[in-house]
There are 2 protein chains.
Amino acid sequence: MSKSTKVTIQDVARLAGVGVGTVSRVLNGHPNVSADAEASVRRAIEESGYRPVAAAQTLRSRRSNIIGFITDEIATSPHAGQIMRGAQETAWKGGKILFLVNTQWDPELERSAVETMIDRQVDGLIYATMFHRAATPPQAIRQIPSVLLDCFVEDASLASVVPNEADGGYQATTYLIEHGHRRIGYINHVEDIPAQRLRLQGYRSALEAHGIPFDAELVVERYSEPKGGYDGMMTLLNLPNPPSAVFCFNDRSAMGAYDAIRQRGLRIPQDIAVIGFDNQELIAANLYPGLTTMQLPHYEMGIWAVEYLLSELDAVGKDEAAAERSPPQVLLKCPLVVRDSV
Amino acid sequence: MSKSTKVTIQDVARLAGVGVGTVSRVLNGHPNVSADAEASVRRAIEESGYRPVAAAQTLRSRRSNIIGFITDEIATSPHAGQIMRGAQETAWKGGKILFLVNTQWDPELERSAVETMIDRQVDGLIYATMFHRAATPPQAIRQIPSVLLDCFVEDASLASVVPNEADGGYQATTYLIEHGHRRIGYINHVEDIPAQRLRLQGYRSALEAHGIPFDAELVVERYSEPKGGYDGMMTLLNLPNPPSAVFCFNDRSAMGAYDAIRQRGLRIPQDIAVIGFDNQELIAANLYPGLTTMQLPHYEMGIWAVEYLLSELDAVGKDEAAAERSPPQVLLKCPLVVRDSV
DNA sequence: CTGTTAGCGCTTTCAG
DNA sequence: CTGAAAGCGCTAACAG
């Protein structure tokens, strides 16, 4: 109500006719507060428009209710806003707030960001990357509860959540098989990254599971962009016995594949079925015909990471043994998004 | 060095053989500290691995060195990661750190976010939107230095930075004119938003400036997505006297226009030149031929917003009169990005 | 130029 | 169940 000076917990206590301790207990949802006392405290808070000063709470309690979110470039990446959304929503529900720093791949900035976070006594830390890969986060991250998102450390010494790439490749290929295709091309990425290796693995497992022999000729490797997709598709089309369907490493390469197919005067999906990966709305939904593709579980990874942190936080002290368990390495499924290209 | 308990400013003072006041002065870059004292303090800090506790600093000084960043959806929007990047880099240089909250268009969450920020004594607040529009931020935002990004309030009572849409439309159209086109179509967006109105205004000014009469027939309004672009382009192509160039409200509609042009068996840019708006990399760079388009100054707006806040912050006290000046309403230019469609 | 001292506003014992 | 009191770690006067 009043606008002049800041309302403190003292003022509230006076107004409610109780001690500051009681106000604090109400604020923090402690038990052992009489209904009467609680009621008058709440009324006093309401009337005075009291808002606790976060810095004071943090200083005394050593909890900031902040979750730090450090990324190489995620906030500037098109599809990964979903991670932020999942993380942020979940944090908010848990009474936490997200603190974002983008490090632009700068290791110096990265170290500095982690330290700044720790200086601010964040309750936990999320270290996220723009694409699924092995990472080497600053050592300091181990001082507090942390989780890796869309990345992992080789020795699995930090909790991690990443997409299940192999399963995604398996599902994509299986979907094609179920639509009657037996000769299925795969335009893979050319660099050795987890997605590259694992999606191929999924592709092979799916063939095997359905009794289709693997034909090395049907797998080409190109940079996963429209040009590479175009080029890879042309190569497949030029085969003596070309495929009737093609699985593209991602939507961008599928975009190029579309061009090649069209240029040959073939129709999608009647002559060639196409399936992508990533579900980049901007591309997949806008291509004609709409691209059927696998979605990366960005939103879900964001949720999982925060929930994990939250559970770690209230496990502190309660279950000492938990700290000893080896950190979870979670894989999240990539759902199939059906449009019109298969 | 030591790992046990937290190193405090007291420890540093003792180690350096000075009082805590001196340490604090060194930390905060005050003048009036002897070179000797400063040197030993710095050494002590180094040796002890001392890091100030942010909450204590904030509590005492009432400055958090945090800039709050509140957005409706910006962090999940593809092109707007650039805003974050600009803001974040600039904040970091100014010794500030960014605190992001995404409100998902929820006014309740929005109010709550602003309050949370104020509770944490952020030094300033950026309120950003996903597309250029009039906005109604929570009242509480006026309690502290704030700036609107990619939006504005009708009465100009809050500082604001937005793209110069009219100039963008002018430049795009002029570029077409300079390439010899006299009959230029415009596929505008259909909703009444600033970009819709202002880009059209720019288009008309450019025609006028070059003595080309405005022909209402050449302006069509469609939803700014591929389908609308396709449809709008078809309408223009069906004109008795069709245009030789077309300005599309954005890259997504240009994507549809491409389809229509191709379907008619026409070539870009030989038969029809196309220019877009937004420079959405994912589309513009991947279309064939590459789409010439206008870029929105996201990165620059991010920088401007933080710089403005920073200047406001150290103007506090120094120049009381400044507070009285009416808040700046800044327009930032949209640069032309030349590819191969004109 | 520098040491000392008083809090910033809150949470958490500690007695009752 | 609750009040009083003791700081959390730091900065900003205030005397020197």
Side-chain angles (χ1 to χ4, degrees), chain A residues 4-42 44-45 48-66 95 116 118-123 316-317, chain B residues 4-42 44-45 48-66 95 116 118-123 316-317:
Chain A
S4 52
T5 48
K6 178 73 190 173
V7 181
T8 76
I9 199 171
Q10 300 280 0
D11 302 324
V12 175
R14 202 173 312 125
L15 219 98
V18 300
V20 292
T22 301
V23 178
S24 176
R25 283 174 208 117
V26 171
L27 243 33
N28 294 288
H30 284 213
N32 295 359
V33 177
S34 71
D36 262 21
E38 169 154 5
S40 55
V41 167
R42 294 215 180 281
I45 289 177
S48 60
Y50 168 71
R51 309 227 85 209
V53 168
Q57 297 183 123
T58 302
L59 180 57
R60 188 56 234 246
S61 67
R62 304 170 151 306
R63 263 181 302 99
S64 62
N65 285 322
I66 294 177
T116 301
I118 293 177
D119 293 349
R120 296 195 180 267
Q121 292 160 87
V122 296
D123 297 345
V316 167
Chain B
S4 53
T5 48
K6 179 73 190 170
V7 182
T8 74
I9 199 171
Q10 300 280 0
D11 302 325
V12 176
R14 201 172 313 124
L15 219 100
V18 300
V20 291
T22 301
V23 178
S24 175
R25 281 174 210 117
V26 171
L27 243 33
N28 296 287
H30 284 215
N32 296 0
V33 178
S34 72
D36 262 21
E38 169 154 5
S40 54
V41 166
R42 294 214 180 282
I45 289 177
S48 60
Y50 169 71
R51 308 228 87 210
V53 169
Q57 298 183 124
T58 302
L59 180 56
R60 187 60 234 241
S61 68
R62 303 168 152 307
R63 262 182 302 99
S64 62
N65 285 323
I66 294 176
T116 301
I118 292 178
D119 292 348
R120 296 198 178 265
Q121 293 161 82
V122 296
D123 297 345
V316 167

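Protein chains get the first letters and strands the later ones, always in sequence-line order, with residue 1 at the start of each.
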Item to check | DNA chain C: 5'-proximal contact among Asp36(B) and Val23(A) (nearest heavy atom) | outcome: Asp36(B)

Item to check | Pairwise 5' ranking along DNA chain C for Leu59(A) and Gln10(B), keeping only the more 5' one | outcome: Gln10(B)

Within the structure shown, what part of the strands sits under 4.0 Å from [X] by heavy-atom distance: base, sugar-phosphate, or nothing?
X: Ala37(B); answer: sugar-phosphate
X: Ser24(A); answer: base
X: Val18(B); answer: sugar-phosphate

Rounded to whole Å, how long is the line connecting atom [atom1] of [X] with atom [atom2] of [N]?
X: Ile45(A); N: dC10(C); atom1: CD1; atom2: C1'; result: 13 Å
X: Ile9(B); N: dT5(C); atom1: CD1; atom2: P; result: 16 Å
X: Tyr50(B); N: dT11(D); atom1: OH; atom2: C1'; result: 10 Å
X: Asn32(B); N: dG16(D); atom1: CG; atom2: P; result: 19 Å
X: Arg63(B); N: dA12(D); atom1: CZ; atom2: P; result: 6 Å
X: Arg14(B); N: dG9(D); atom1: CZ; atom2: P; result: 13 Å
X: Gln121(B); N: dC8(C); atom1: CD; atom2: P; result: 13 Å
X: Arg60(B); N: dC8(D); atom1: CZ; atom2: P; result: 16 Å

Item to check | Base dG9(C) paired with Arg51(A) side chain (donor-acceptor, <3.5 Å) | outcome: no

Checklist entry - Is there a donor and acceptor pair, one atom on the side chain of Arg62(B) and one on the base of dG9(C), closer than 3.5 Å? => result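 Between dG9(C) and Arg62(B), which were checked side chain against base, a qualifying N/O pair under 3.5 Å is absent.
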
Listed nucleotide nearest any side-chain atom of [X], set [options]:
X: Val33(A); options: dT2(C), dT2(D), dT11(C); result: dT2(D)
X: Arg25(B); options: dC10(C), dC10(D), dA13(D); result: dA13(D)
X: Lys6(B); options: dG9(D), dG3(D), dG9(C); result: dG9(D)

Checklist entry - When you measure from the side chain of Asp119(B) to the backbone N and O of Arg51(A), does any donor-acceptor pair fall under 3.5 Å? => result no

Is there a side-chain polar atom (N or O) of [X] under 4.0 Å from OP1 or OP2 of [N]?
X: Ser61(B); N: dT11(D); value: no
X: Gln57(A); N: dT11(C); value: yes
X: Ser34(B); N: dT2(C); value: yes
X: Asn28(B); N: dT11(D); value: yes

Please report the closest heavy-atom contact between [X] and [Y], naming both atoms and the distance.
X: Ala55(B); Y: Leu59(A); result: CB-N, 3.8 Å
X: Tyr50(A); Y: Ile9(A); result: CE1-N, 3.6 Å
X: Gly19(B); Y: Ala13(B); result: C-CB, 3.8 Å
X: Val53(A); Y: Lys6(A); result: CG2-CE, 3.7 Å

Checklist entry - Between atom CZ of Arg120(A) and atom CG of Asn65(B), what is the distance when rounded to the nearest 0.5 Å? => result 6.0 Å

